[in-house]
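Single-structure report; data block below.
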Amino acid sequence: CMITVAHNLGALLDKMDRIAKATQDNARVAAKAGADVLYQEVLDRVPVSSKPHRTKGKKQTYQPGNLRRAIYRAYMDKDSGGGKAKYRIAWNKTKAFYGLFVENEYGTSKRPATPFLRPAYDAKESEAVRAANKAFLDGLRKVIK
């Protein structure tokens with residue numbers, strides 16, 4: 001009686017290499033999926049004034065929705081790589097410098113603070129993690145087949 005065992009170690013190693021590469025490649029896709037959830041929540045929470053407002057001395061007038069339009073989501077190239085990906089969600093301080101006064105805990109002399117970044121994160125963190133995990137696993141499943 002004889003038993004013969006054959007294996008194709010090369011094929012297994014190739015598949016492992018594809019999985020390792022997919023893990024690296026899917027980091028950005030997964031991070032964006034999570035960032036998309038948070039970004040939308042920030043947009044939903046950022047306050048929009050009902051009328052134009054001006055800076056002190058009336059040098060600059062800002063239209064309603066200016067801060068909302070200044071919100072961005074950006075890939076952080078320098079902080080990403082090696083299977084890690086980061087996105088930043090903030091507002092363009094050149095377009096809406098006053099976002100800090102709206103977001104911080106003190107507000108201004110004319111308006112109380114209306115935080116929107118931290119509350120958006122707190123409200124959607126779990127959903128963002130689920131979205132990131134789903135995107136990551138979906139990408140891996142394509143390679144593992």
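Numbering of residues begins at 1 and proceeds along the displayed sequence.
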(request) Provide the closest heavy-atom pair for Ala131 versus Ala33 in the form atom of the first, atom of the second, distance. (result) O-CB, 3.7 Å

(message) Using side-chain contact (heavy atoms from CB on, under 4.5 Å), reason through Asp44 and Arg68 one step at a time and then give a plain yes or no.
(response) CA-CA 9 Å; Asp44 291 346; Arg68 187 176 198 279; 4.3 Å; yes

(message) For Ala135 versus Ala30, what's the shortest heavy-atom pair and its separation?
(response) CB-CA, 4.0 Å

(request) Let me know which of Glu125, Lys124, Arg118 forms a side chain to side chain donor-acceptor pair (under 3.5 Å) with Tyr121. (result) Glu125

(message) Side chains of Leu38 and Glu41, heavy atoms from C-beta outward: is any pair under 4.5 Å?
(response) no

(request) Indicate yes or no for a side-chain donor-acceptor contact from Glu103 to the backbone of Phe116 under 3.5 Å, with no hydrogens or angles considered. (result) yes

(message) A cation-pi test, strictly: NZ or CZ of Arg28 under 6.0 Å from the centre of the six-membered ring of Tyr75 and no more than 45 degrees from its axis. Yes or no?
(response) yes

(request) Would you check if the side chain of Asn66 reaches a backbone N or O of Lys95 as a donor-acceptor pair within less than 3.5 Å? (result) yes

(request) List the atom of Gln24, the atom of Gly82, and the distance in Å for their closest heavy-atom pair. (result) OE1-C, 3.2 Å

(message) When you measure from the side chain of Arg54 to the backbone of Gln60, do you find a donor-acceptor pair of N or O atoms at a distance under 3.5 Å?
(response) no

May I have the list of side-chain donor-acceptor pairs in residues 46-53 shorter than 3.5 Å, sequence neighbours left out?
unit_1: Ser49; atom_1: OG; unit_2: Lys51; atom_2: O; d: 3.0

(message) Whether the Gln40 and Asp36 side chains hold a donor-acceptor pair (N or O, under 3.5 Å, no angle test) is what I'd like checked.
(response) no

(request) Could you tell me whether a side-chain N or O of Arg73 sits under 3.5 Å from a main-chain N or O of Lys32, the two making a donor and an acceptor? (result) no

(message) Would you compute the distance between atom CZ of Arg69 and atom CG of Leu43 and round it to the nearest 0.5 angstrom?
(response) 12.0 Å

(request) Can you establish whether the number of heavy atoms outside Lys93 located under 6.0 Å from its atom NZ is more than 12? (result) yes

(message) Please check: side-chain N/O of Ser80 versus main-chain N/O of Lys86, any donor-acceptor pairing under 3.5 Å?
(response) yes

(message) Could you see if Val37 belongs to whatever hydrophobic cluster contains Leu117? Use Ile, Leu, Val, Met, Phe, Trp, Tyr and a side-chain cutoff under 4.5 Å.
(response) no

(request) Report the distance from atom CG of Asn92 to atom CZ of Phe97, rounding to the nearest 0.5 Å. (result) 13.0 Å

(message) If I take atom CG from residue Asn133 and atom CG from residue Leu137, how far apart are they, to the nearest 0.5 angstrom?
(response) 6.5 Å

(message) With clusters defined by side-chain heavy atoms of hydrophobic residues (ILVMFWY) lying less than 4.5 Å apart, directly or transitively, does Tyr87 cluster with Ile71?
(response) no

(message) For Tyr39 and Tyr72, I'd like to know if the aromatic rings sit close, meaning centre-to-centre distance below 6.0 Å.
(response) no

(request) Could you state whether Val29 and Ile89 fall into the same hydrophobic cluster, counting links through intermediate Ile, Leu, Val, Met, Phe, Trp or Tyr residues with side-chain heavy atoms under 4.5 angstrom apart? (result) no

(message) Salt bridge check, Asp25 against Lys21: does any charged N sit closer than 4.0 Å to a carboxylate O?
(response) yes

(request) Quick one: closest heavy-atom pair of Gly139 and Asn26, and the distance? (result) C-ND2, 3.2 Å

